[in-house]
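Chain identifiers are assigned alphabetically (A, B, ...) following the order of the sequence lines, protein sequences preceding nucleic acid strands; residue numbering begins at 1 within each chain.
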Protein chains: 2
Amino acid sequence: MIGIIPDSPPRSRRGGPGQGGMRQALEIDLGRAEFFRGMSPGLFGRIRHLVQESHFERQKVLYFEGQPAEYLWVIGSGEVRLYKSSASGRVTTLEVLKPGEMFGAVSSLDQDHYTASAEGVSSGVAWRLPRPTVLKVIGEEPALAVDILVVTSRRLRDAHERLRSFATDAAPARLARALLRATREGQARVTRRALAEASGTTVETAIRVLRRFEREGLIAGKVGLVQVVDEPALLRVAGEV
Amino acid sequence: MIGIIPDSPPRSRRGGPGQGGMRQALEIDLGRAEFFRGMSPGLFGRIRHLVQESHFERQKVLYFEGQPAEYLWVIGSGEVRLYKSSASGRVTTLEVLKPGEMFGAVSSLDQDHYTASAEGVSSGVAWRLPRPTVLKVIGEEPALAVDILVVTSRRLRDAHERLRSFATDAAPARLARALLRATREGQARVTRRALAEASGTTVETAIRVLRRFEREGLIAGKVGLVQVVDEPALLRVAGEV
DNA sequence: AATCGGATATGATCGGGATCATACCGGACT
DNA sequence: AGTCCGGTATGATCCCGATCATATCCGATT
């Protein structure tokens with residue numbers, strides 16, 4: 001009864017751009033999602049009724065850092081971001097997750113509290129499996145850990161590379177990276193704020209830098225939407241030559 | 001025959017501070033090290049002769065980022081750091097590993113190239129297990145993946161927290177964190193350069209900030225050694241209240 | 001003994017980016 | 001229809017920290 005995401009009805013005052021759920025029609029079956037896809041049919045059949053389904057909305061928090069890690073989560077549709085807040089109130093986006101991807105797993109394994117917060121980037125559906133079940137399932141089919149391990153390893157690599165970038169790259173390079181990372185098929189549905197929080201800078205700087213990119217013909221911008229016009233140039237700015 | 005760390009004899013010109021290997025007398029048995037400790041006795045017995053042992057020296061590179069990931073490594077004694085270099089030549093330390101800890105595993109699982117470089121922080125001994133053996137062993141006892149997963153999860157959490165810190169904290173806070181992280185029993189055997197590379201700043205800034213810490217009575221400094229005098233104050237600077 | 005290089009130290013300077021302020025726009029709610 | 005708020009935009013200002021330069025110290029090498 002986590003009590004945080006009570007399948008609330010459509011929320012209000014959320015005119016934000018580029019959202020709505022119907023846009024990224026991408027959905028996925030539970031059986032093809034991370035963690036579940038590796039289970040034997042028998043095990044899957046036995047535990048699938050323990051999976052809870054919940055809707056979430058844009059900007060709706062699924063859980064906060066520090067709360068008891070009661071579930072392993074998997075996205076059915078929509079997007080979720082993991083983020084951390086600093087004492088001064090600044091927010092840093094750690095990861096943006098898409099349908100089929102799991103989260104909360106890292107915490108639910110050896111940690112009893114979530115170590116980052118999670119909130120909807122769009123509306124969508126999330127499945128969650130109670131932590132005790134997760135542990136029991138892994139104990140039963142340890143090969144599942146390999147699946148989680150592969151996912152976690154990839155994320156660790158990503159985190160390391162971003163760490164390097166944050167430590168040594170200037171704001172334009174970090175922003176170009178964040179932008180490219182958010183881009184699907186030539187366009188990124190993100191606000192300047194989202195890019196700022198994903199690249200460790202401020203909204204104003206993000207706006208200024210993107211305006212410069214725009215004037216230089218690297219991108220074209222609308223509200224909540226960035227069109228990548230000159231990807232090679234962006235890659236160059238990002239330092240990925 | 002990786003060819004990089006040919007058990008070279010003692011190296012020269014390396015007057016660096018606080019090193020030498022005999023200082024941190026900490027050693028560990030293979031059987032108690034990460035990855036190996038979780039094996040069944042039978043399996044351990046069968047593969048232990050496949051473990052290669054090699055000495056490394058301070059500043060000696062065990063492998064470079066981008067090279068084929070041929071081994072999973074475990075430290076027997078001494079310390080190793082994982083780091084990344086940027087195009088401009090600046091170096092960022094990702095992790096400093098101690099006896100019993102593994103590395104290279106993340107790469108050797110689903111990646112065929114190392115995604116960071118590794119070099120000795122002190123002299124020491126490293127064991128390495130060829131990647132094909134690693135995969136075979138995990139296939140045989142999948143529960144081993146859980147062990148690696150727990151380690152990888154912890155490191156991912158660390159990386160995320162450092163990411164937040166790099167994104168939002170000022171240099172003094174990041175340096176205080178790096179210092180506290182390197183401290184064992186009230187003192188840290190690190191150069192200003194090492195702290196700078198671990199906290200995403202420059203040597204000059206590290207020196208200036210640490211000098212200020214010193215004048216304010218938070219630390220006491222020698223070459224290659226920092227004594228933590230007022231840990232609570234340092235924690236406050238680090239933003240860990 | 002002389003030399004060399006790494007570590008520490010400090011000054012001068014510059015600039016990127018944070019901060020603060022203001023303004024406009026457009027969609028959504030009342 | 002009017003209000004409100006989030007997103008975008010831009011100017012002014014300030015300062016932290018990077019950069020460049022120089023100097024001292026000391027252990028190790030020649």
Could you tell me whether the phosphate oxygens of [N], OP1 or OP2, come under 4.0 Å of any side-chain nitrogen or oxygen in [X]?
{"X": "B/T202", "N": "D/dT19", "value": "no"}
{"X": "A/T205", "N": "C/dA18", "value": "yes"}
{"X": "B/R192", "N": "C/dA7", "value": "no"}

What distance do [X] atom [atom1] and [Y] atom [atom2] have between them, rounded to the nearest 0.5 Å?
{"X": "A/E119", "Y": "A/F64", "atom1": "CD", "atom2": "CZ", "answer": "8.0 Å"}
{"X": "A/E79", "Y": "A/S122", "atom1": "CD", "atom2": "OG", "answer": "5.5 Å"}
{"X": "A/Y63", "Y": "A/E65", "atom1": "OH", "atom2": "CD", "answer": "10.0 Å"}
{"X": "B/L180", "Y": "B/L234", "atom1": "CG", "atom2": "CG", "answer": "5.0 Å"}
{"X": "B/I75", "Y": "B/F103", "atom1": "CD1", "atom2": "CZ", "answer": "5.0 Å"}

Quick one: which of [options] gets closest to the side chain of [X]?
{"X": "B/R211", "options": "D/dA9, C/dT10, D/dA18", "value": "C/dT10"}
{"X": "A/R215", "options": "D/dG7, C/dT19, D/dT10", "value": "D/dT10"}
{"X": "B/T191", "options": "C/dT8, C/dG17, D/dG7", "value": "C/dT8"}
{"X": "B/I207", "options": "D/dG17, C/dA7, C/dT8", "value": "C/dT8"}
{"X": "B/T201", "options": "D/dG17, D/dG7, C/dA18", "value": "D/dG17"}

Less than 3.5 Å apart, any donor N or O on the side chain of [X] or [Y] sitting next to an acceptor on the other?
{"X": "A/Y114", "Y": "A/W73", "result": "yes"}
{"X": "A/S88", "Y": "A/S86", "result": "yes"}
{"X": "A/T93", "Y": "A/R81", "result": "yes"}
{"X": "B/R157", "Y": "B/S153", "result": "no"}

Round to the nearest Å and state the distance from [X] atom [atom1] to [N] atom [atom2].
{"X": "B/F166", "N": "D/dG17", "atom1": "CZ", "atom2": "P", "result": "13 Å"}
{"X": "B/R212", "N": "C/dT8", "atom1": "CZ", "atom2": "C1'", "result": "17 Å"}
{"X": "A/E214", "N": "D/dT10", "atom1": "CD", "atom2": "P", "result": "9 Å"}
{"X": "B/E197", "N": "C/dG6", "atom1": "CD", "atom2": "P", "result": "13 Å"}
{"X": "B/R189", "N": "C/dA7", "atom1": "CZ", "atom2": "P", "result": "15 Å"}
{"X": "A/R58", "N": "C/dG27", "atom1": "CZ", "atom2": "P", "result": "15 Å"}
{"X": "A/R174", "N": "C/dG17", "atom1": "CZ", "atom2": "C1'", "result": "9 Å"}
{"X": "A/L210", "N": "C/dG17", "atom1": "CG", "atom2": "P", "result": "13 Å"}

If each of B/R193 and A/A170 is mapped to the nucleotide of DNA chain C with the nearest heavy atom, which maps nearer the 5' terminus, i.e. the 5' end?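 So the residue in question is B/R193.
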Give every pair of a protein N or O atom and an N or O atom of nucleotides 23-26 of chain D that lie under 3.5 Å apart, one pair per line with the distance.
none

Distance-minimising heavy-atom pair for A/V190 and A/A182: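 Taking A/V190 first and A/A182 second, the nearest heavy atoms are CG1-CB, 3.9 Å.
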Which atom pairs link the protein and nucleotides 20-24 of chain C when you take only N or O atoms and keep those under 3.5 Å?
residue : atom : partner : partner atom : Å
C/dC20  : N4   : A/E204  : OE2          : 3.4

